[in-house]
Amino acid sequence: MIESARYTKSGSIIAVIDGVEMAVPDDIANRYRQMLAEWEAQGNTIEPYVPPPPTLEDYERAIQALIDATAREKKYGDGKSCATYINSTNPQWAAEAAAFVAWRDAVWAYAFTELDKVQQELRAQPTVEEFLLELPVMQWPEPD
């Protein structure tokens, strides 16, 4: 007797059949998948895969990737490389680095504040993609 079933991230199914949890491939040629199809026909449903909520590290990796990608827009190797030009003798590079560092600091300040609110349950936890859209937008200085 099938007690429950749910999809996994990979698309296979975890089912509890006669008290035993087992992995069932989503392949109708499989006899357990056939049992699940009959179970579904009786009005039961296989629960969809629900990804776990993002971790703090997931947000941090995504934010750092955004910072590095933003620096590469101006042909800097990454965020750290761009920031090193802040005292450049080339006025354009120094201006870009100063604007970049100010933006980077604003991004992290916002991120730490808002993610702290999530941890304190003062706001709903956004997806990583939603959170990236909340971050300040970089405004590069005009070329000389």
Side-chain angles (χ1 to χ4, degrees), residues 2-30 32-33 35-37 39-144:
I2 298 171
E3 297 166 33
S4 64
R6 62 180 165 75
Y7 282 102
T8 66
K9 181 178 182 179
S10 66
S12 66
I13 301 166
I14 301 295
V16 177
I17 302 174
D18 295 327
V20 177
E21 185 174 280
M22 61 176 62
V24 178
D26 197 9
D27 175 2
I28 200 64
N30 180 282
Y32 293 111
R33 183 60 181 102
M35 289 172 58
L36 284 170
W39 182 71
E40 287 179 290
Q42 295 170 2
N44 299 292
T45 58
I46 299 173
E47 296 298 320
Y49 171 73
V50 177
T55 65
L56 186 57
E57 292 76 24
D58 293 331
Y59 291 106
E60 290 172 348
R61 275 193 299 276
I63 292 165
Q64 189 59 53
L66 173 68
I67 287 169
D68 290 337
T70 300
R72 285 191 289 276
E73 290 174 7
K74 291 292 187 178
K75 309 294 186 225
Y76 296 102
D78 58 18
K80 291 177 187 174
S81 174
C82 181
T84 66
Y85 282 83
I86 202 156
N87 292 318
S88 176
T89 58
N90 179 308
Q92 184 62 35
W93 296 343
E96 288 174 352
F100 177 82
V101 167
W103 168 76
R104 179 202 61 193
D105 291 353
V107 164
W108 283 116
Y110 180 86
F112 292 142
T113 299
E114 293 304 307
L115 292 174
D116 187 53
K117 289 178 186 176
V118 169
Q119 290 178 321
Q120 293 181 39
E121 299 181 1
L122 298 174
R123 70 167 282 187
Q125 183 172 6
T127 66
V128 170
E129 295 77 17
E130 291 167 339
F131 193 70
L132 292 178
L133 293 174
E134 294 178 25
L135 298 175
V137 176
M138 175 63 195
Q139 297 296 319
W140 292 104
E142 293 295 319
D144 289 337

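Worth saying up front: this structure is predicted, and the values here are computed from it rather than measured. Just the heavy atoms: all of them, side chains too, but no hydrogens, waters or symmetry mates, feed the values below.
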Partner set under salt bridge (Lys or Arg N to Asp or Glu O under 4.0 Å) for R33, not counting sequence neighbours:
D26, E40

Test of understanding: with ring pair (Phe, Tyr, Trp, His ring centres under 6.0 Å), list the residues that count as partners of W39, not counting sequence neighbours.
none

Supply the atom-to-atom distance I63 CD1 to L66 CG, rounded to the nearest 0.5 angstrom.
8.0 Å

How close do R104 and A83 get, counting heavy atoms only, and between which atoms?
NH1-CB, 3.9 Å

Electrostatic pair R123:E134 at N-O distance under 4.0 angstrom
yes

With rounding to the nearest 0.5 angstrom, report the CG to CH2 distance, L135 to W108.
9.0 Å

Heavy atoms of other groups near Q119 CD, more than 12 under 6.0 Å:
yes

Listing request: all ring pair (Phe, Tyr, Trp, His ring centres under 6.0 Å) pairs with a residue in residues 43-75, at least two apart in sequence or in separate chains.
Y59-F131

Going by the rule side chain to side chain donor-acceptor pair (under 3.5 Å), which residues pair with E73 if we only count those two or more places apart in sequence or in a different chain?
W140

Establish, from distance only, whether the side-chain atoms of T55 and D58 form a donor-acceptor pair under 3.5 Å.
yes

Table please: side-chain donor-acceptor pairs of residues 75-82 below 3.5 Å, with sequence neighbours left out.
from : atom 1 : to  : atom 2 : distance (Å)
Y76  : OH     : E96 : OE1    : 2.6
D78  : OD1    : K80 : N      : 3.2
D78  : OD1    : S81 : N      : 2.8

I2 side, atom CD1; D18 side, atom CG - distance, nearest 0.5 Å
9.0 Å

Please list, chain by chain and in numerical order, all residues satisfying ring pair (Phe, Tyr, Trp, His ring centres under 6.0 Å) with Y7, sequence neighbours excluded.
none

